[in-house]
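Encoded as structure tokens, the structure appears first; notes follow it.
Predicted model, so just to flag it, every value in this text is computed and none were measured.
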Amino acid sequence: VQLQASGGGLVQAGGSLRLSCTASGSTLDSYSWAWFRQAPGKERIFVAGISWYRSRTYYDDSVSGRFTIYRDNAEKTVYLQMTSLTLEDTALYYCAIENVPIYAEFVHTMTDAYHHWGQGTQVTVSS
């Protein structure tokens, strides 16, 4: 499975960006998606995830109400709509995908649960 992330960039505080990540190659039958981010000198942390079954969404408290994750199964793509961006949102954003049972409504939030990662896309928020 190969993941290609895009959509990052430079944006002013209060602005919006939409990230996307598309899977290609040998894709999984049932899978959850997640976005993580890593700021300089810090560990990679969970931002948002969406389950395979019923597309249940999960968010870190720091982005809840500002970010929205959604998926297009036909396009094998996940999106992260980010609004009301703050300086603290500046980071390298990674998408990840992992096989899950077909009726799974959960999403893994730990990095070592994922074996498939995108290359990262930089989001920089300026004041």
Side-chain angles (χ1 to χ4, degrees):
V1 179
Q2 292 82 47
L3 303 182
Q4 181 68 45
S6 62
L10 175 64
V11 63
Q12 285 193 322
S16 300
L17 278 176
R18 190 183 74 163
L19 307 182
S20 62
C21 180
T22 300
S24 63
S26 177
T27 55
L28 307 172
D29 292 330
S30 54
Y31 48 92
S32 63
W33 283 102
W35 287 96
F36 290 75
R37 66 186 181 188
Q38 187 168 17
K42 296 188 176 181
E43 62 181 20
R44 191 175 300 186
I45 61 170
F46 174 83
V47 174
I50 186 166
S51 70
W52 171 252
Y53 188 60
R54 294 181 177 172
S55 292
R56 292 193 63 179
T57 57
Y58 301 85
Y59 299 94
D60 182 76
D61 287 346
S62 65
V63 306
S64 183
R66 300 188 299 120
F67 290 12
T68 302
I69 185 171
Y70 57 101
R71 63 192 294 168
D72 183 334
N73 288 340
E75 296 296 325
K76 297 178 181 176
T77 299
V78 68
Y79 301 92
L80 186 67
Q81 179 67 50
M82 305 184 295
T83 63
S84 302
L85 285 162
T86 71
L87 299 180
E88 288 69 34
D89 295 317
T90 294
L92 192 58
Y93 283 72
Y94 295 90
C95 57
I97 192 173
E98 192 55 47
N99 186 47
V100 295
I102 192 167
Y103 294 113
E105 295 187 44
F106 63 85
V107 171
H108 295 294
T109 61
M110 305 301 292
T111 56
D112 50 2
Y114 291 88
H115 297 89
H116 310 285
W117 292 86
Q119 82 283 10
T121 184
Q122 178 67 39
V123 172
T124 303
V125 184
S126 64
S127 58

>> Could you tell me if the side chain of S6 sits less than 4.5 Å from the side chain of T121, heavy atoms only?
In response: no

>> Would you say M110 ends up clustered with V107 if hydrophobic residues are merged whenever their side chains have heavy atoms under 4.5 Å apart, either directly or through other cluster members?
In response: no

> Are side-chain heavy atoms of F46 and H108 found at a separation under 4.5 Å?
Replying inline: no

>> With heavy-atom distances below 4.5 Å as the criterion, would you say the side chains of S16 and Q81 are in contact?
In response: yes

> T86 versus R66: any side-chain heavy-atom pair under 4.5 Å?
Replying inline: yes

> Do P101 and F106 touch side chain to side chain, with heavy atoms closer than 4.5 Å?
Replying inline: yes

> Minimum heavy-atom separation for L85 to L17, with atom names?
Replying inline: CD1-N, 3.9 Å

>> Quick check: is I102 connected to I97 through a chain of hydrophobic side chains (ILVMFWY, heavy atoms under 4.5 Å apart)?
In response: yes

>> When you compare the side chains of E98 and H116, does any donor N or O come within less than 3.5 Å of an acceptor on the partner?
In response: no

> Among the clusters formed by ILVMFWY side chains lying less than 4.5 Å apart, do L3 and Y94 turn up in the same one?
Replying inline: no

>> For the OG atom of S126 and the CG atom of L10, what is their distance to the nearest 0.5 Å?
In response: 4.5 Å

>> What I'd like to find out is whether the side chain of D60 reaches to under 4.5 Å of the side chain of F67, using heavy atoms alone.
In response: no

> Got a donor-acceptor contact below 3.5 angstrom from the S20 side chain to the Y79 backbone?
Replying inline: no

>> Tell me the closest heavy-atom pair linking W33 and V78, and the distance in Å.
In response: CE3-CG1, 3.3 Å

>> Hydrophobic clustering (ILVMFWY, side-chain heavy atoms < 4.5 Å, transitive) - are W35 and V100 grouped together?
In response: yes

>> Do T77 and T22 pair up side chain to side chain, a donor and an acceptor below 3.5 Å, judged on atom types alone?
In response: yes

> Looking only at atom types and distance, does a side-chain atom of Y59 sit under 3.5 Å from a main-chain N or O of I69, one as donor and one as acceptor?
Replying inline: yes

>> For L80 versus A48, what's the shortest heavy-atom pair and its separation?
In response: CD1-CB, 4.0 Å

>> Could you check whether Y114 and F36 have their ring centres less than 6.0 Å apart?
In response: yes

> Does the pair T57 and Y70 meet the rule for a side chain to side chain contact (heavy atoms under 4.5 Å, CB included), with working shown?
Replying inline: CA-CA 8 Å; T57 57; Y70 57 101; over 6 Å; no

> Under 4.5 Å between any side-chain heavy atoms of T90 and Q122, yes or no?
Replying inline: yes

>> Tell me the closest heavy-atom pair linking L92 and G120, and the distance in Å.
In response: CD1-C, 3.9 Å

> Which heavy-atom pair separates S62 from R37 by the least distance, and what is that distance?
Replying inline: OG-NH2, 3.4 Å

>> So if I apply the side chain to side chain contact (heavy atoms under 4.5 Å, CB included) rule between M82 and each of D89, L19, V125, T68, which one comes out positive?
In response: L19

> Roughly how far apart are N99 CG and D29 CG, rounded to 0.5 Å?
Replying inline: 7.0 Å

>> So V1 and Y31, do their side chains get closer than 4.5 Å, heavy atoms only?
In response: no

> Mind checking whether Y53 and Y103 have parallel, tilted or perpendicular rings, split at 30° and 60°?
Replying inline: perpendicular

> Measuring from Q12:CD to T124:OG1, what's the distance to the nearest 0.5 Å?
Replying inline: 13.0 Å

> What's the shortest heavy-atom distance between Y58 and E105, and which atoms?
Replying inline: OH-O, 2.5 Å

> Counting only N and O atoms by type, is there a donor-acceptor contact under 3.5 Å from the side chain of Q119 to the main-chain atoms of Q4?
Replying inline: no

>> Tell me whether S51 contacts the main-chain N or O of S32 through its side chain, where contact means a donor paired with an acceptor under 3.5 Å.
In response: no

